[in-house]
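Below is one structure, written out as C-alpha cells; the observations come after it.
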Amino acid sequence: IHNAGLLLDRRILSSDGHELTFATHVLGPHLLTRLLRPRLEASAEARVVWVSSGGMYTVGLSLDDLAWERRAYDGVRAYAETKRMQVVLAEGWATALEGTRISVYSMHPGWAETPGVARSLPRFHRLTARLLRTAEQGADTVVWLSAVREPPKPSGGFFFDREPRTRHLLPWTRESEAQRHALWRLCEALTTRGSEAGNGSVG
C-alpha cells in the first residue's frame, strides 16, 4: 500500500535532488514496486494499492517543471499533480504486470479527519470539519482492495467507496497515451541505474 504522503508549504528537495512531493508520491512508490516485483510475482496472489486523492481531479498530467524551478511553489498544486501521476502509474503497472497474479489499484479515500489534513490545510479543515470522514472510513476502501477474497476488477482501476470510478471529471485533464508513456519512462530513468533502466517498461 503506497500511502506515504505530504503536502508542503515550501519547496524542499530530497537527498537525490528531486522536489520532495514528487519524490515521495511518485518516485519512491514506483521504485519500491519494481524492487518488490520478484516477491510479488512469487506470491500466490498479490496486490499493489496507490492511495491517491480526489485532488487529482483538478489537474491533468504534466511533466513540465517537476522540480518547481520556474514556477512559484504551490504545495496544493504539487500535491494534486503528483496524485494524478499516481493514478496514471497504477494503470501503467497494471499493464506491465498483465498475465501475472498481481493486481494494481489506485483509490481516493475521501476527505478524512486526520492530523495531516488539519496541519496542511487548516482553512479547509475549519470549513469542512463537520463533513470530514473518520480515519477508519477513509481507510475502508484501502483495506477492502487489499483483503477482499476476489481481486476487484479492473486491475489498474481508480476506486472510491469500493467502486471503480472515472479518472477524469473535467475533459481538459485527460492525458494522451504518449504522456502516460513519458511519465513511465521518466520514473524509470530517475529510479534506475545503467542497463537496468526500462526494465518492466510499458513502452
Side-chain angles (χ1 to χ4, degrees), residues 1-9 20-37 39-40 43-59 61 75-94 97 100-169 173 187:
I1 298 172
H2 295 311
N3 189 44
L6 74 172
L7 197 163
L8 303 172
D9 59 4
L20 192 56
T21 309
F22 175 63
T24 303
H25 293 171
V26 179
L27 295 181
H30 182 77
L31 175 59
L32 180 60
T33 303
R34 190 173 69 236
L35 294 174
L36 288 175
R37 181 173 180 170
R39 295 288 186 108
L40 296 171
S43 301
E45 190 267 326
R47 299 173 199 179
V48 178
V49 182
W50 299 68
V51 180
S52 183
S53 166
M56 68 95 188
Y57 278 126
T58 65
V59 298
L61 177 62
V76 173
R77 177 87 185 185
Y79 182 89
E81 288 179 353
T82 53
K83 290 298 179 178
R84 167 62 71 186
M85 292 176 199
Q86 290 183 328
V87 174
V88 174
L89 284 174
E91 290 183 84
W93 272 107
L97 295 169
T100 71
R101 295 183 297 274
I102 307 169
S103 301
V104 186
Y105 308 100
S106 58
M107 57 79 64
H108 172 28
W111 293 104
E113 173 65 85
T114 65
V117 171
R119 181 175 59 253
S120 300
L121 298 169
R123 186 168 181 272
F124 172 84
H125 182 261
R126 286 194 303 272
L127 293 174
T128 62
R130 296 180 184 179
L131 305 175
L132 295 177
R133 297 176 168 203
T134 65
E136 289 77 11
Q137 289 170 328
D140 177 77
T141 298
V142 181
V143 175
W144 177 76
L145 285 169
S146 304
V148 66
R149 185 178 298 276
E150 186 68 24
K153 303 295 184 183
S155 181
F158 178 68
F159 283 74
F160 177 62
D161 285 346
R162 301 191 180 191
E163 296 288 340
R165 306 291 176 140
T166 180
R167 300 176 183 88
H168 302 275
L169 295 178
T173 65
C187 290

Do you know which two heavy atoms are closest between [X] and [Y], and how far apart they sit?
X: P154; Y: Y105; value: O-CE2, 3.6 Å
X: L6; Y: L8; value: CD1-CD2, 3.4 Å
X: K153; Y: P164; value: O-CG, 4.2 Å
X: F160; Y: P109; value: CE1-C, 4.2 Å

What pairs with [X] under side chain to side chain donor-acceptor pair (under 3.5 Å), at least two apart in sequence or on another chain?
X: T21; value: E19, Y73
X: T173; value: H168
X: D161; value: R133
X: H108; value: none

Working to the nearest 0.5 Å, report the span between [atom1] of [X] and [atom2] of [Y].
X: L89; Y: T33; atom1: CG; atom2: OG1; answer: 8.5 Å
X: R37; Y: I102; atom1: CZ; atom2: CD1; answer: 7.0 Å
X: L32; Y: L27; atom1: CG; atom2: CG; answer: 12.5 Å
X: L145; Y: I1; atom1: CG; atom2: CD1; answer: 9.0 Å

Keeping the roles fixed (side chain from S155, backbone from V104), state whether a donor-acceptor pair exists under 3.5 Å. yes

Can you tell me if R165 uses its side chain to pair, donor with acceptor, with the backbone of F158 under 3.5 Å? no

Check: residues 75-86 side-chain donor-acceptor pairs under 3.5 Å, at least two apart:
unit_1, atom_1, unit_2, atom_2, d
R77, NE, E81, OE2, 2.9
E81, OE1, R71, NH2, 3.4
E81, OE2, R71, NH1, 2.9
T82, OG1, H25, ND1, 2.9
T82, OG1, A78, O, 2.9
T82, OG1, Y79, O, 3.0
K83, NZ, V51, O, 2.8
K83, NZ, Q86, OE1, 3.2
R84, NE, M56, O, 3.4
R84, NE, V59, O, 3.1
R84, NH1, R167, O, 2.8
R84, NH2, M56, O, 3.1
R84, NH2, V59, O, 3.4
R84, NH2, R167, O, 3.1
Q86, NE2, H25, O, 2.9

How would you list all residue pairs meeting side-chain hydrogen bond (donor to acceptor under 3.5 Å, both in side chains) that involve residues 139-151, not counting sequence neighbours? D140-R162

